[in-house]
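In what follows, a single structure is set out as structure tokens and then discussed.
Throughout, protein chains are lettered first and strands after them, A, B, ... in sequence-line order, and every chain is numbered starting at 1.
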There are 2 protein chains.
Amino acid sequence: MCLPEKDSRRSLILETALHLFTVRGYFSTSVHDIRREADVSIGSIYHHFKGKEAIARALYDGLVGTMAQAMEEIAAAHGSAHDRCRAVVAHLYELTERCPEAMQFILYARHREFLPGEKPICSSRPFELMKEMVAAGIETGEIRVMAPVVAATSLFGGAIRMIYLRLDGALPGPLPDHLEETWQCAWRSVAAE
Amino acid sequence: MCLPEKDSRRSLILETALHLFTVRGYFSTSVHDIRREADVSIGSIYHHFKGKEAIARALYDGLVGTMAQAMEEIAAAHGSAHDRCRAVVAHLYELTERCPEAMQFILYARHREFLPGEKPICSSRPFELMKEMVAAGIETGEIRVMAPVVAATSLFGGAIRMIYLRLDGALPGPLPDHLEETWQCAWRSVAAE
DNA sequence: GTCTATACCACGATAGAC
DNA sequence: GTCTATCGTGGTATAGAC
């Protein structure tokens, strides 16, 4: 449901791997664990993927890709930095509730630890798009003139921390309940007066 | 220098382990790697620590402990929520520059993946103290009346994201250069009007 | 494409001399 | 307290039948 792929053996393997990677961690999950949980054979797994790392890479690329696509649709659907950024936070909150495992895999895993050569998540496409939205907002005068990095971290940092808290089980209710309050704080921190 | 321990074989092992855990990751670091890098014997390592996990635990407890102590000193040294929280951010920024590996180990590692039974980092003592400072600020009227979690994430979320960026090499200059700007955004987001 | 069986190796941990 | 040598387990990945 959270993965872009169609029904197939391959997608079953991916779904199972995502589940195990998030609840037990990448390194604590063996290929045999995936085999058992998905009820397929080792040979089948190695037929579809070069190895364990390739499974993680396919998951990562797929999830980051759909996330970037969502960001682009948001950017196209709204006209101001305020509306765009608010829609991004709303989207991230909903995504966290709907697909906590996907969110956890993207945000919480240290990909550089098991995906050699991968750039840090904060340099990935979705995060770059968020930075661009903020930079555009500074251009138009909606957002105070300041270092773009600082503006972006101030605007999205609180929301991202809320997501971490939620994934860690440190937040009781669903995230969208806090959308209004978090967004007002976030926007207040950078809005031009 | 960042670890509380005195000079000894034991502290040498801890320092080396911290270094390797942060640059290569916990699971990608074998006890033999630590042995080679520290130029000690396997036997010596297993004499001082029960195993690899015990090394990680000693590191974690030591670093979180000194961090919590610093927070308590900050709380005692300042009278208002504003001054306390600002001092916390300044301290975290300086600590990141002085001991990036320690900071990375505390913030970036998924301890629950290799320290069974450990609660999430956001529930650890230093983070609890930060939440308490914010809650006190709401009591005194310095900070808007709002859900304490939201206030805490809004106030510290931006700074924490800046630290992640810095640790990932996505921020060129040293963090303290951005202290003033980040703090003004953070405080503006929650200050009572 | 899917399966079983197995090769191979690296790792954490221990034994025991000094 | 420190060392060297070694063991046993469990991991990834492959071979080859169906």
Note the angle between the end axes of the helix from C:dG1-D:dC18 to C:dC18-D:dG1, five pairs defining each, rounded to 10 degrees. 0°

Please collect all side chain to side chain donor-acceptor pair (under 3.5 Å) contacts where either partner lies in residues 143-154 of chain B, sequence neighbours excluded, each pair once. none

In whole Å, I'd like the distance from the CG atom of A:L12 to the P atom of C:dG1. 15 Å

Whole angstrom value for the distance that separates P of D:dG11 from CD1 of A:I45: 13 Å

Measuring from [X]:[atom1] to [Y]:[atom2], what's the distance to the nearest 0.5 Å?
X	Y	atom1	atom2	result
B:I55	B:F21	CD1	CZ	5.5 Å
A:E101	A:L3	CD	CG	9.5 Å
A:R110	A:I121	CZ	CD1	12.0 Å

Sequence neighbours excluded - disulfide (SG to SG under 2.5 Å) pairs with any residue from residues 156-193 of chain B: none

Do A:F105 and A:H19 have their ring centres less than 6.0 Å from each other? no

Not counting sequence neighbours, which residues clear salt bridge (Lys or Arg N to Asp or Glu O under 4.0 Å) with A:R166? List them please. A:E97

Those residues at least two apart in sequence (or on a different chain) that pass salt bridge (Lys or Arg N to Asp or Glu O under 4.0 Å) with A:R36 are A:D33

Nucleotides 2-18 of chain C: protein proximity per nucleotide (B base, S sugar-phosphate only, - neither; heavy atom, under 4.0 Å): BBB------SBBB----

